[in-house]
2 protein chains.
Amino acid sequence: MENKDAKISINEEGCKVKLRAVQDTLDILKGKWKISIISSLSFGKRRFMELQREVDGIGAKMLSKELQELEINGLISRTVCDTKPITVEYELSDYGKTLQNIINEMIDWGLNHRTNIIERYKAKS
Amino acid sequence: MENKDAKISINEEGCKVKLRAVQDTLDILKGKWKISIISSLSFGKRRFMELQREVDGIGAKMLSKELQELEINGLISRTVCDTKPITVEYELSDYGKTLQNIINEMIDWGLNHRTNIIERYKAKS
DNA sequence: CAGCATCCCTTAAGATACTG
DNA sequence: CAGTATCTTAAGGGATGCTG
């Protein structure tokens, strides 16, 4: 009996710790565009405009804001290039690259999901 | 030259497809609480109140709304139990369980991130 | 090009009270 | 217990125009 209770207690603690871990991750990744931006940068460095073109629907204001937050959290680096009209290059930091696993899983799930939706649609017709 | 251009073109297409995949996933998971709810359910079935207790800070209204959306997308199942005051049990569907990889990566990253923050703090003092 | 300032509107979401 | 209804507020986020 004591053993069983202890086990449950440990498991409950385990859940809490894991839920908190998810929450921690979510806090860093919150915002409508952050994960899309990181995904885009996971393919290589990008300039401001390139990001705006690649992240569908984002405006300059939001892009700017979310990039700042990502930089503050040490996930990306920002480099001002000394070109005629200045350009700025964004890049995933080493720490930012540790998010790659999450991104990859999201890519896989999304690809699979789209396939499923199409299959479901075909099955109906 | 033609080869090189073709390669670039293919890669660019690859990025777009992947970014769209991420977006597809994000569309399903959007909302302040959805990932937390799924995480909680990934540990087993939960009743409405249990979820509200486990997902820190969520109100009944939001919990109800996000559960409905998750159900519509086929990620969770809802079972009304015929008890004296009725109870309702929520559970990840088989399809919902395919999100487990994403959740796990988020747990890992969050655990690691917390450690890093603590290390960083220690280093300063 | 990069990005800030301003204005403005829509949506998210919290609080509270109520029902089967 | 498991929600729903209503109200209200805060925040998110778009459009435009401007600057180094």
Side-chain angles (χ1 to χ4, degrees), chain A residues 19 22-23 26-41 44-73 75-93 96, chain B residues 19 22-23 25-41 43-73 75-93 96:
Chain A
L19 288 175
V22 170
Q23 197 52 56
L26 256 23
D27 284 342
I28 300 291
L29 261 28
K30 71 161 177 271
K32 192 176 178 181
W33 308 100
K34 229 153 275 170
I35 294 179
S36 295
I37 293 170
I38 293 169
S39 300
S40 189
L41 289 175
K45 55 177 66 170
R46 296 281 189 274
R47 283 181 297 129
F48 191 87
M49 270 310 252
E50 290 176 332
L51 278 174
Q52 198 174 356
R53 243 176 275 125
E54 203 159 61
V55 179
D56 193 50
I58 196 171
K61 179 181 145 188
M62 278 302 112
L63 180 54
S64 174
K65 187 190 150 210
E66 307 241 294
L67 282 170
Q68 280 173 30
E69 292 172 4
L70 289 172
E71 198 191 355
I72 288 171
N73 283 313
L75 300 175
I76 63 172
S77 67
R78 179 178 180 276
T79 313
V80 180
C81 306
D82 198 9
T83 48
K84 26 180 188 175
I86 63 160
T87 53
V88 181
E89 277 188 348
Y90 291 92
E91 194 173 5
L92 281 188
S93 67
Chain B
L19 288 175
V22 170
Q23 196 52 56
T25 304
L26 256 23
D27 284 342
I28 300 291
L29 262 27
K30 70 162 179 271
K32 192 176 178 181
W33 308 100
K34 230 154 276 171
I35 295 179
S36 295
I37 293 170
I38 293 169
S39 300
S40 189
L41 289 175
F43 301 123
K45 56 177 65 171
R46 296 281 190 273
R47 283 182 297 127
F48 190 88
M49 269 311 253
E50 290 175 333
L51 278 174
Q52 198 174 355
R53 242 176 276 126
E54 203 160 60
V55 179
D56 193 50
I58 196 172
K61 179 184 144 189
M62 278 302 114
L63 179 54
S64 173
K65 186 193 152 209
E66 306 240 297
L67 282 170
Q68 280 172 29
E69 292 172 3
L70 289 172
E71 198 191 355
I72 288 172
N73 282 314
L75 300 175
I76 63 172
S77 67
R78 179 178 179 277
T79 312
V80 179
C81 306
D82 198 10
T83 48
K84 27 181 188 172
I86 64 161
T87 53
V88 181
E89 278 189 346
Y90 292 92
E91 194 172 5
L92 281 188
S93 68

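As a basis for the values below, the full set of heavy atoms in this structure was taken, side chains included, without hydrogen atoms, waters or symmetry mates.
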**Q** What are the 5'-most and 3'-most nucleotides of DNA chain C lying under 4.0 Å from any heavy atom of chain B?
**A**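 The contact span of chain B on DNA chain C goes from C/dA13 to C/dA15.
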
**Q** Could you measure the distance from the CG atom of A/L26 to the CH2 atom of B/W33? Nearest 0.5 Å is fine.
**A**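 A/L26 CG to B/W33 CH2: 10.0 Å, rounded to 0.5 Å.
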
**Q** Assess whether side-chain contact (heavy atoms from CB on, under 4.5 Å) is satisfied between B/Q23 and A/D56, documenting all intermediate values.
**A** CA-CA 9 Å; B/Q23 196 52 56; A/D56 193 50; over 6 Å; no

**Q** Rounded to the nearest 0.5 Å, what's the gap from CD1 on B/I76 to CG on B/L70? Could you check?
**A**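 These two atoms lie 5.0 Å from each other.
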
**Q** How far does CD1 of A/I35 sit from CG of A/L29, to the nearest 0.5 angstrom?
**A**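 One gets 4.0 Å once the value is rounded to the nearest 0.5 Å.
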
**Q** Sequence neighbours left out, what passes side chain to side chain contact (heavy atoms under 4.5 Å, CB included) with B/E69? Give chain and number order.
**A**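 B/K34, B/K65, B/E66.
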
**Q** In sequence, state the C-alpha distance, the side-chain angles, and the governing distance for B/L19 and A/S40, and then conclude on side-chain contact (heavy atoms from CB on, under 4.5 Å).
**A** CA-CA 7 Å; B/L19 288 175; A/S40 189; 4.2 Å; yes

**Q** For B/L67 and D/dC1, give me the distance from atom CG to atom P, rounded to whole Å.
**A**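 For the pair B/L67 CG and D/dC1 P, the rounded distance is 16 Å.
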
**Q** I need the CG-C1' distance between B/L63 and D/dG3, as an integer number of Å.
**A**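 Distance check: B/L63 CG to D/dG3 C1' gives 10 Å.
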
**Q** Please assess B/L51 against B/L67 for the test side-chain contact (heavy atoms from CB on, under 4.5 Å), listing each intermediate value before the final yes or no.
**A** CA-CA 10 Å; B/L51 278 174; B/L67 282 170; 4.0 Å; yes

**Q** Mind checking what makes side chain to side chain contact (heavy atoms under 4.5 Å, CB included) contact with A/Q52, not counting sequence neighbours?
**A**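 With sequence neighbours excluded, A/Q52 shows a side chain to side chain contact (heavy atoms under 4.5 Å, CB included) to A/F48, A/M49, A/I58, A/A60, A/L63, given in chain and number order.
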
**Q** Roughly, in whole Å, what's the span from CD in B/Q68 to C1' in D/dA2?
**A**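 Roughly 11 Å, once rounded to whole Å.
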
**Q** Among residues at least two apart in sequence or on other chains, which ones pass salt bridge (Lys or Arg N to Asp or Glu O under 4.0 Å) with B/E89?
**A**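 Residues passing salt bridge (Lys or Arg N to Asp or Glu O under 4.0 Å) with B/E89: B/K45.
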
**Q** How long is the gap from CD on A/E54 to CZ on A/R47, to the nearest 0.5 Å?
**A**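 That separation rounds to 12.0 Å.
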
**Q** Can you give one letter per nucleotide of nucleotides 8-20 of chain D, 5' to 3': B if a protein heavy atom sits under 4.0 Å from the base, S if only from the sugar-phosphate, - if neither?
**A** -----BBB-----

**Q** To the nearest 10 degrees, how far apart in direction are the end axes of the helix from C/dC1-D/dG20 to C/dG20-D/dC1, each fit to five base pairs?
**A**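 End axes: 50° apart.
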
**Q** Return no unless some side-chain N or O of B/Y90 is found under 4.0 Å from OP1 or OP2 of D/dG3.
**A**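 The answer is yes; a side-chain N or O of B/Y90 sits under 4.0 Å from OP1 or OP2.
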
